[in-house]
Visitor: 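Before I ask anything, let me first share the structure, which is written out below as structure tokens.
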Amino acid sequence: MSPIISDLDEFVRVHGLLLASSGVPQHLYQQLFEKLSLESFDAGNFFEVEPCENGGQRRLVLSADFMGKESQVFLVDHAWTFRLCDARKQLDELPGLAQRMGALMCVDLDLNSNTEAADSETITKENVAEIVEREFNRTQDKGSNHPTWLELEELGIDDDMLNSLELSKKFPNLIALNLWGNKLKSADLVITELTKCKNLKALWLNENPVLSNSPELIADAIITAIPGLEIYNSNFTLNFGNWALAFCGGVYNADNPCNAENAHPLANITNLDLSNRCIHRLSDKAFSPLEIPLLSCLNLRGNPLDQNSMDELLKLLQGFRSLKSLEIDIPGPLGRSAVHILYSLPNLLQLNGVSASYVLDSGKHVVDSMLQPRLPEWQPSEPLTDRVISAMWLYLMTYRLADDEKIDETSVWYVMDELGSSLRHSDEPNFRVSPFLFMPEGKLASAVSYSLLWPTKNIVKREECTRDYLFGIGEDKQRSARLTAWFHTPEIYFIQECKKYMLQLNLKCFCPPAVETPWTQSILPSDGRALCVYTDIPQVKEILSRPQFALTSDPKEADIIWTSMQVDEEVKNAIGLKDHQYINQFPYEACLVMKHHLAETIHEAQGSPDWLQPTYNLETHLSHLIGDYCVRKRDGLNNLWILKPWNMARTIDTTITDDLSTIIRHMETGPKICQKYIEHPALFRGKKFDLRYIVLVRSFKPLEIFLTDIFWTRLANNTYSLDKSTLLEYETHFTVMNYVGRLNHMNTPDFVLEFEKEHQVKWQDIHERVRRMIRSLFEAAAVVHPEMHNSMSRAIYGVDVMLDSSFHPKLLEVTYCPDCTRACKYDTMTVVGKSNELVKGSDFFNYVFGCLFLNETCHVTAL
């Protein structure tokens with residue numbers, strides 16, 4: 001079909017909303033229309049892509065002599081467009097895609113060559129002995145007490161080999177020992193052998209298996225036994241002094257381990273890099289203007305410095321009169337404001353690599369460009385597909401398709417071509433980028449996706465071209481925290497914010513409400529007439545068959561309104577509902593059925609109970625989530641998280657990841673909670689499962705709730721695995737695919753019997769834990785939101801539960817179940833109870849109505 005858009009007016013008419021939302025200046029519409037019509041990609045005539053960050057990134061620079069503000073608009077092609085569930089499959093199956101993305105994202109080069117890896121494997125016990133013997137002879141030539149620095153990195157040294165080397169005897173004045181990347185496993189042997197080296201100033205045991213268990217105990221034992229140790233595993237100890245500072249300043253190294261004759265080794269240091277040394281306090285004895293009078297450049301990034309007050313640290317730095325360049329975390333130990341730091345240290349010419357005059361002129365309180373970029377990390381053995389999936393979150397952009405009838409349930413992600421992907425971030429950008437769908441036939445079906453690029457400032461030749469990754473997002477939407485997706489923001493700040501938040505949660509003390517005598521009674525009229533029920537749910541019309549209830553098509557005549565829609569005052573007025581009619585929903589029940597409100601309700605009432613995984617609303621608590629993530633990463637704990645939309649069912653737009661950038665970038669696809677993933681769930685036949693319990697609520701004051709004797713077991717289709725390649729596999733990690741197609745259903749007693757046999761447990765013990773959890777959940781809602789109570793309300797809720805590997809229940813979510821259709825889809829089912837009788841699904845639904853409106857307790861248990 002030929003295009004129907006043939007002139008500018010028609011182009012603007014069809015694309016009016018898209019043009020307005022893109023922000024393209026109106027005077028560029030004609031140029032844009034022409035380039036779209038001709039598919040003109042002419043940006044290569046004006047720009048060049050060049051490597052930066054030692055090959056870890058690329059940047060875009062202007063190759064033309066000059067480009068004026070809003071003078072041009074360029075088309076940027078999309079090199080890869082996909083939905084998240086298809087990403088791995090496309091990378092594995094589309095020829096050349098992984099290779100192109102690997103090159104575009106700078107992850108196609110190995111950190112170490114195969115030759116180097118092969119050479120490292122040829123190291124033998126004799127080679128190590130020869131190295132040590134050679135160093136021993138060199139030391140003897142200089143005198144047995146001469147300071148020694150031993151480099152024994154990645155030599156395959158195991159416990160027996162370390163014991164046989166007798167380092168403390170051969171090198172009585174061993175100053176520094178590097179055992180990085182060896183095969184040491186025994187904590188007792190390592191502590192025994194290394195603590196004999198009483199003169200050590202520096203020790204590196206990084207990446208040895210011995211540190212995988214109880215690294216703190218090993219560190220305490222070594223540091224206590226060697227009080228002169230100043231550097232341990234790359235970090236400064238609390239005893240650090242002149243030697244550690246001289247090492248970081250380049251004075252001491254393997255060729256010059258120490259100089260006892262030089263009383264002032266720091267006197268000539270001008271540049272000092274103390275970044276990421278885990279420094280908690282800068283000692284004014286070693287780190288002082290008297291010891292380092294010529295210090296000009298100082299890097300303090302990545303240190304907690306939590307024992308220094310801001311004023312104390314500023315006063316110390318003010319004493320360094322020659323200090324011209326400082327790198328420090330912002331926000332961090334010197335405060336949140338770059339401007340404040342520069343006013344306090346007026347001699348500085350640069351702060352975090354940015355001109356002091358620029359910072360002061362701009363008046364920005366946090367200068368985003370001061371942050372160090374987050375570059376992709378990978379291991380040489382990692383497949384290219386895995387590298388791309390990890391790195392892509394530094395490059396992806398997103399949109400969601402919609403037409404007059406519906407909006408897509410999942411977002412579309414895309415990577416711009418090599419030119420577009422080279423645009424780096426700036427808080428003061430000179431270009432803007434916006435996605436755009438060109439519909440040459442005037443319909444969404446004909447749409448072709450591009451990104452549009454245009455200058456927002458005058459730029460000159462060789463100037464870097466930048467964009468704002470978070471255009472339109474300010475601190476009210478957590479801009480600084482969200483930049484963590486692309487930059488190394490100060491971890492200590494987020495960790496401290498998380499600690500404060502956890503402390504607040506731990507202070508919550510939950511007191512269950514006093515148990516009151518239920519007051520609800522059967523609402524069946526005394527004259528024996530049937531209760532009129534109005535419903536818009538086909539299944540209810542079909543199966544509600546008890547003589548106590550009669551269906552009506554007029555909602556005004558109904559005693560009971562059983563509806564799938566939300567009934568608010570506007571709806572009541574429109575339909576003409578009266579206050580004496582019963583409705584199948586409670587006021588403010590969003591505090592249960594919307595995931596972020598559910599977490600808030602529980603946190604407010606009970607803090608952080610063990611049956612709720614750590615949960616963060618990303619719209620309000622992103623900083624706390626980042627802090628929690630950083631603590632887990634620091635402590636070597638599992639860091640797998642699940643992202644869930646606030647108010648969508650069937651795991652739509654739900655993602656599992658262990659990548660912090662991935663978590664933050666998903667905020668762009670709509671409001672979400674981030675919840676710690678249950679990485680070790682109880683399994684059934686090797687597969688993940690969860691349980692749907694049905695809860696009936698008659699009243700919130702007093703709390704009167706019932707648990708039906710049926711629950712539903714929902715099984716995943718694939719065997720459970722935590723392999724990274726499975727995290728995007730829906731049928732491995734999710735269970736609700738069983739809502740469509742053939743239902744994978746087991747009668748409740750059959751599941752219980754087989755589960756008890758498989759795991760050697762008593763289901764009754766598990767069931768009691770679940771009951772207590774559900775009771776506690778609804779008690780929390782009743783306490784935090786007393787306004788939920790309405791004497792004319794009755795409701796059904798689905799409570800989704802998962803068991804961990806210790807068979808303790810974990811709450812997943814609460815759903816609003818007005819029609820209870822799952823119960824009605826089965827012809828027959830077994831009800832758990834004394835009789836284990838078979839009942840029809842339709843009968844079960846009639847039991848529900850009997851409990852809610854007639855106060856019957858058949859096949860339900862009061863909680």
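What you see below is based on every heavy atom in this structure, not just the backbone, and it leaves out hydrogens, waters and symmetry mates. None of these values were measured; they are calculated from a predicted model. In what follows, residues are counted from 1 in the order of the sequence shown.
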Visitor: For the backbone of Val251 and the side chain of Asn256, can you confirm whether one donor and one acceptor N or O come within less than 3.5 Å of each other?
Guide: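 Checked: pair present.
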Visitor: Is any side-chain heavy atom of Lys724 less than 4.5 Å from a side-chain heavy atom of Glu382?
Guide: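 Counting from C-beta outward, Lys724 and Glu382 do come under 4.5 Å.
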Visitor: Indicate yes or no: at least one non-hydrogen side-chain atom of Ile328 is less than 4.5 angstrom from one of Asn352.
Guide: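 Side-chain contact under 4.5 Å: yes.
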Visitor: Answer yes or no: is there an ion pair linking Glu327 with Arg301, defined by an N-O contact shorter than 4.0 Å?
Guide: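 Yes.
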Visitor: Looking at Asp628 and Arg632, is any side-chain nitrogen of the basic one under 4.0 Å from a carboxylate oxygen of the acidic one?
Guide: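 Yes.
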Visitor: Determine whether Leu618 and Leu643 make a side-chain contact, defined as any pair of heavy atoms from C-beta on separated by less than 4.5 Å.
Guide: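 When only atoms from C-beta onward are counted, Leu643 and Leu618 do touch, with a gap below 4.5 Å.
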Visitor: Has Lys633 got more than 12 heavy atoms of other residues, nucleotides or ligands less than 6.0 Å from its NZ?
Guide: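 Counting neighbours around NZ of Lys633, 12 or fewer heavy atoms of other residues, nucleotides or ligands fall under 6.0 Å, so no.
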Visitor: I'd like to know whether Asp273 forms a side-chain hydrogen bond (donor to acceptor under 3.5 Å, both in side chains) with Ser275, so could you lay out the CA-CA distance, the side-chain angles of the two residues, the decisive distance to 0.1 Å, and finally the verdict.
Guide: CA-CA 6 Å; Asp273 184 356; Ser275 60; 2.7 Å; yes
Visitor: Identify whether the distance between the nearest side-chain nitrogen and carboxylate oxygen of Asp386 and Arg88 falls below 4.0 Å.
Guide: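 So Asp386 pairs with Arg88 through a salt bridge.
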Visitor: Around Asp723, counting heavy atoms of other residues, nucleotides and ligands shown, do more than 12 lie under 6.0 Å from its CG?
Guide: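 Yes, CG of Asp723 has more than 12 neighbouring heavy atoms, counting only those of other groups under 6.0 Å.
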Visitor: Check whether any side-chain heavy atom of Val190 sits under 4.5 Å from a side-chain heavy atom of Asn208, and report yes or no.
Guide: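 No - every pair of side-chain heavy atoms lies 4.5 Å or more apart.
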Visitor: Is any side-chain heavy atom of Arg374 less than 4.5 Å from a side-chain heavy atom of Trp393?
Guide: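 They are not in contact (no side-chain heavy atoms under 4.5 Å apart), so the answer is no.
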Visitor: Just how far is it from atom CG of Leu229 to atom CG of Asn239, taken to the nearest 0.5 Å?
Guide: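 Taking CG in Leu229 and CG in Asn239, the distance rounds to 8.0 Å.
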Visitor: Would you sort out whether Phe755 and Phe689 count as a ring-ring contact (aromatic ring centres under 6.0 Å, His included), showing the intermediate values?
Guide: CA-CA 11 Å; Phe755 188 87; Phe689 70 92; 5.7 Å; yes
Visitor: If you define the side chain from C-beta out and look only at heavy atoms, does anything of Leu394 sit under 4.5 Å from Met105?
Guide: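 The answer is no, as the side chains (C-beta and beyond) never meet within the 4.5 Å cut-off.
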Visitor: Kindly state whether the ring of Phe320 and the ring of Phe287 have centres lying under 6.0 angstrom apart.
Guide: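 Aromatic pair counts; centres sit under 6.0 Å.
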Visitor: Quick one: are Asp159 and Leu184 in side-chain contact, heavy atoms under 4.5 Å?
Guide: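 In short, these two side chains touch, coming nearer than 4.5 Å.
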Visitor: Is there side-chain contact between Phe171 and Val132, with heavy atoms separated by less than 4.5 Å?
Guide: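 Of all side-chain heavy-atom pairs linking Val132 with Phe171, at least one is under 4.5 Å.
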Visitor: Regarding Lys676 and Glu679, does a basic nitrogen lie under 4.0 Å from an acidic carboxylate oxygen?
Guide: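 Answer for the salt bridge query: yes.
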